[in-house]
Trainee: 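Below is the structure I would like to discuss, written out as structure tokens.
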There are 2 protein chains.
Amino acid sequence: MSAVRLRDIAERLGLSVTTVSRALAGYSDVAEQTRQLVLQTAQEMGYYPNLTARHLQRQRTDTIGFVVDIFGPRFSDPLFSELLAGIGNLAAREGFDLLVATTPPDTDDEVEAYRRLVRGRRVDGLILVRTRVADRRVQFLLEQQFPFVTFGRSTGAERFSWVDVDGERGVYEVVNRLIAVGHQRIALLQPDLPIMFARFRERGYRAAMAHHDLPVNESWIVHEALTEDGGYRGMQRLLELPSPPTAVLTNNDQMAIGAIRALQERGLRAGHDVAVVGFDDIPLARHIHPALTTLRQPIYQIGQHLCRTLIALIRGELDEPFHLLLQPEIVVRESARL
Amino acid sequence: MSAVRLRDIAERLGLSVTTVSRALAGYSDVAEQTRQLVLQTAQEMGYYPNLTARHLQRQRTDTIGFVVDIFGPRFSDPLFSELLAGIGNLAAREGFDLLVATTPPDTDDEVEAYRRLVRGRRVDGLILVRTRVADRRVQFLLEQQFPFVTFGRSTGAERFSWVDVDGERGVYEVVNRLIAVGHQRIALLQPDLPIMFARFRERGYRAAMAHHDLPVNESWIVHEALTEDGGYRGMQRLLELPSPPTAVLTNNDQMAIGAIRALQERGLRAGHDVAVVGFDDIPLARHIHPALTTLRQPIYQIGQHLCRTLIALIRGELDEPFHLLLQPEIVVRESARL
DNA sequence: GAGGGTTTCCAAAACGTTTTGGAACCAGTA
DNA sequence: TACTGGTTCCAAAACGTTTTGGAAACCCTC
């Protein structure tokens, strides 16, 4: 029942382990006849290399790591499965395995998870998502000179590879278009964590408002969790203002859905009374009512870009850090006419 | 820059590698004073064990594998992230890593993915989801006598551990209640793949119909993809029947949402004109309109059960296969009044 | 001073692979 | 004959850890 090793094949054939190994690897210093014999015997005996042993010897694991920051037990992120599919499919095609760890963000557990993967040489490289302001993970990986790629830029001038979506420009455009159709009091539902993408989006928001000489009431910028409930609560808070906004931008589609629910409870209609704009374009965005106007991120492709870049980095094929800034696509549906 | 090894610590202290190893592991055959010295030095030198080497020596990887069957590039499954959170959090707590592979179901790639993980000793055990009729994966793992746990039962009398939700009973109840409120023409939107859970649910459906002496029109049982579009198409087909059903059961909430969309396009209202019942209770089920009546699966807990069981199995703490059949909870909302 | 027990340490083997640095042999050439 | 070059093979080391089976040193006791 125990697994067949190179040694077993070697003994059976009266060859050395070296020769068997090199025969299977296709080296030219083994006679074609011998090679065939080894191949056939390996097949017969059901040989499959022990990957752990191979990894130890080769000093690489052919594995990439991905630490998912999870909020609470009921963690449900529609983007996540798609991102993982993008990463996983490409990794598999390139002969890499994917190690996934789950931890709550910005905790000691998270730090330990990264330490373990990096210092324990558990993986050859890491993919980071949702970069944060002054991100400890980025700092750590730079210190350790460990290969990694992020989805999202960082705050400083650190040199590393990233893929990002230009939320600043996207939000700038959307706000412009909202203003063009008559909106003046425009709110922004921000996350309750210092996530980088929210900073960029806020910058775009402020730039567009300033560009049209519109004042920004700071109470229009509300911080809540990136969930439906967060969007619901945020919209409630906005509706309680003396003069509520007529348009609301959110940081993901779940928030937008929650915001719409809050409107409906007050008898208001998203898209008519208040414009609501989401972000991401999750599959459900077009199926809810009113259908969501949103900024689409090509998340599967982003997963592929991240993985492709990381593998290039691991293989040493990257001389300079790689940067890719994708433009989000504005998808106009019913929740905000633009 | 190269990593610190046991040997480096040993040489620094003039001890043997054995002693350093045993000191760090807390064995009693090393003097307390020496142990402290080793601990401190290891700390100073920034020692972290090479996990690959440890795995090779210990002949186990402390890793569990999870192969995700992915349909098409735009793979978005709201349950998936929650299941993964359940598995991942428990695995981390028990000191296990999680290796995730992605492949399309029932392909050669899938077979190869399993072969690689099992034969290459890449993981200590596997978690399988969405068991299929005559599941090749189950057959393979039984043959290889490899530890695994499935979400979903199988067709035969194979002995292995599983966790499942009693869809047969759940659907039986729902159909009963639909009949109680006056429905007679009840349809069932099935997946287009031979997934076990669909078989059980169909059995419950037929049993309830038979129990009330209601005929089952075979054209009421429609096979489509487990997606919104699948649900949309399926409902369209049902509406084209000479006398369409007045109630429709689906195999997941996405399908139900698609079905509702098809109704709306024809000016029909789910919950009034046609009752629509989902399955799973994804977070969005309560937020769409009409809110979804559905059968809730406690997916995070299922992930934990799967992981807990697998780890017990790996550790040899399980004498008999473990079976857990959970009851789904009927969540009545607007799309079907029960 | 012999025997027994305890404490503390370690050399060597093992896990299964890949790589290094030849060695042995043969054929062809000067 | 002696040398060169090519082909085919292999012993040994290496990757970094844990475990095995002692050994050395010391202290007690009779």
Side-chain angles (χ1 to χ4, degrees), chain A residues 1-39 41-42 45-63 95 97 116 118-124, chain B residues 1-39 41-42 45-63 95 97 116 118-124:
Chain A
M1 196 43 27
S2 75
V4 179
R5 300 157 302 168
L6 286 181
R7 182 140 76 94
D8 299 317
I9 302 177
E11 281 171 2
R12 162 92 77 105
L13 294 177
L15 289 169
S16 75
V17 170
T18 305
T19 302
V20 175
S21 172
R22 296 180 75 82
L24 292 173
Y27 279 82
S28 64
D29 66 351
V30 24
E32 183 54 25
Q33 196 183 354
T34 319
R35 206 179 78 87
Q36 288 304 333
L37 187 62
V38 169
L39 247 51
T41 312
M45 299 178 71
Y47 172 76
Y48 203 100
N50 181 311
L51 297 174
T52 306
R54 173 178 287 178
H55 294 162
L56 177 60
Q57 151 65 30
R58 287 198 180 153
Q59 291 290 83
R60 58 188 157 89
T61 60
D62 289 336
T63 306
D97 286 325
R116 172 181 169 73
V118 172
R119 306 296 314 285
R121 316 260 125 153
R122 195 66 231 282
V123 298
D124 295 340
Chain B
M1 198 38 34
S2 74
V4 179
R5 300 157 301 164
L6 286 181
R7 183 140 77 95
D8 299 317
I9 302 177
E11 281 171 1
R12 163 94 75 105
L13 293 177
L15 290 170
S16 75
V17 170
T18 306
T19 301
V20 174
S21 172
R22 297 181 74 83
L24 292 173
Y27 279 82
S28 63
D29 67 351
V30 22
E32 183 55 26
Q33 196 183 355
T34 320
R35 206 179 78 85
Q36 288 303 331
L37 187 63
V38 169
L39 248 53
T41 312
M45 298 176 72
Y47 172 75
Y48 204 100
N50 181 312
L51 297 174
T52 305
R54 174 177 286 178
H55 294 161
L56 177 60
Q57 151 65 28
R58 288 201 181 150
Q59 290 290 83
R60 58 188 159 88
T61 60
D62 290 335
T63 306
D97 286 325
R116 173 179 167 74
V118 172
R119 306 296 316 285
R121 315 261 125 153
R122 195 65 229 281
V123 298
D124 294 340

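Naming: A, B, ... by sequence-line order, numbering from 1 per chain.
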Trainee: Using distance alone, with no hydrogens and no angle criterion, decide if B:T18 and B:S21 have a side-chain donor and acceptor under 3.5 Å apart.
Mentor: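 No, no side-chain donor-acceptor contact under 3.5 Å.
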
Trainee: Can you see which heavy atom on A:L39 is nearest to which on A:A23, and at what distance?
Mentor: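 Shortest heavy-atom contact: CD1-O, 4.2 Å.
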
Trainee: 5' to 3' on DNA chain D, which nucleotides open and close the contacts with chain B (atom under 4.0 Å from a heavy atom)?
Mentor: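 On DNA chain D, the outermost contacted nucleotides are D:dG16 to D:dT20.
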
Trainee: Check whether any side-chain heavy atom of B:L24 sits under 4.5 Å from a side-chain heavy atom of B:L6, and report yes or no.
Mentor: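 In short, these two side chains touch, coming nearer than 4.5 Å.
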
Trainee: Got a sec, which residues hit salt bridge (Lys or Arg N to Asp or Glu O under 4.0 Å) with B:R58, two or more places apart in sequence or on another chain?
Mentor: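 Here no residue qualifies.
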
Trainee: Taking atom OG1 of B:T34 and atom CG of B:D29, what is their separation to the nearest 0.5 Å?
Mentor: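 Separation between the atoms: 10.5 Å.
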
Trainee: Quick test of your reading of the model: are B:D97 and A:R116 salt-bridged, counting only N-O distances below 4.0 Å?
Mentor: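 Looking at A:R116 together with B:D97, the answer is yes, because their closest N to O distance falls below 4.0 Å.
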
Trainee: Any residue in residues 9-18 of chain B with a heavy atom nearer than 4.0 angstrom to DNA chain D? Just list them by number, or reply none.
Mentor: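 B:V17, B:T18, in order of number.
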
Trainee: Evaluate A:H55 against A:R60 for side-chain contact (heavy atoms from CB on, under 4.5 Å), listing each step before the verdict.
Mentor: CA-CA 5 Å; A:H55 294 162; A:R60 58 188 157 89; over 6 Å; no

Trainee: Could you check whether any side-chain heavy atom of A:R122 comes within less than 4.5 Å of a side-chain heavy atom of A:T61, counting everything from C-beta outward?
Mentor: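 Not in contact.
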
Trainee: Determine the minimum heavy-atom distance between A:D62 and A:D124, stating which atoms define it.
Mentor: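 For A:D62 versus A:D124, the nearest heavy atoms are N-OD2, 2.7 Å.
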
Trainee: For DNA chain D, find the residues of residues 24-37 of chain B with a heavy-atom distance under 4.0 Å and give them by number; none if there aren't any.
Mentor: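 Going residue by residue through residues 24-37 of chain B, the ones with a heavy atom under 4.0 Å of DNA chain D turn out to be B:Y27.
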
Trainee: Rounded to the nearest 0.5 Å, how far apart are OH of B:Y48 and CZ of A:R119?
Mentor: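 It comes to 8.5 Å.
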
Trainee: Closest heavy-atom contact between B:R35 and B:G26?
Mentor: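 So the minimum-distance heavy-atom pair works out to NH1-CA, 4.3 Å.
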
Trainee: Considering all heavy atoms of both residues, which atom of B:L56 and which atom of A:A53 are nearest to each other, and what is their separation?
Mentor: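 Nearest heavy atoms, B:L56 then A:A53: CD1-CB, 3.8 Å.
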
Trainee: Which heavy atom of A:V4 sits nearest a heavy atom of A:Y47, and at what distance?
Mentor: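 Heavy atoms of A:V4 and A:Y47 come nearest at O-CD1, 3.4 Å.
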
Trainee: Listed in order of residue number, which residues of residues 46-59 of chain A have a non-hydrogen atom at under 4.0 Å from DNA chain D?
Mentor: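 Heavy-atom contacts with DNA chain D come from A:L56, A:Q57, A:Q59.
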
Trainee: Among B:V20, B:L13, B:L15, whose side-chain contact (heavy atoms from CB on, under 4.5 Å) with B:T41 holds?
Mentor: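 One option only clears the test, and that one is B:L13.
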
Trainee: Which pair of heavy atoms, one from B:R7 and one from B:V17, lies closest together, and at what distance?
Mentor: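 Smallest heavy-atom distance, with atoms named: CA-CG2, 3.9 Å.
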
Trainee: Using rotation axes that map the C1' atoms of four end pairs onto the next four (five pairs an end), what angle separates the end axes of the helix from C:dG1-D:dC30 to C:dA30-D:dT1, to 10°?
Mentor: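 One end's axis against the other's: 80°.
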
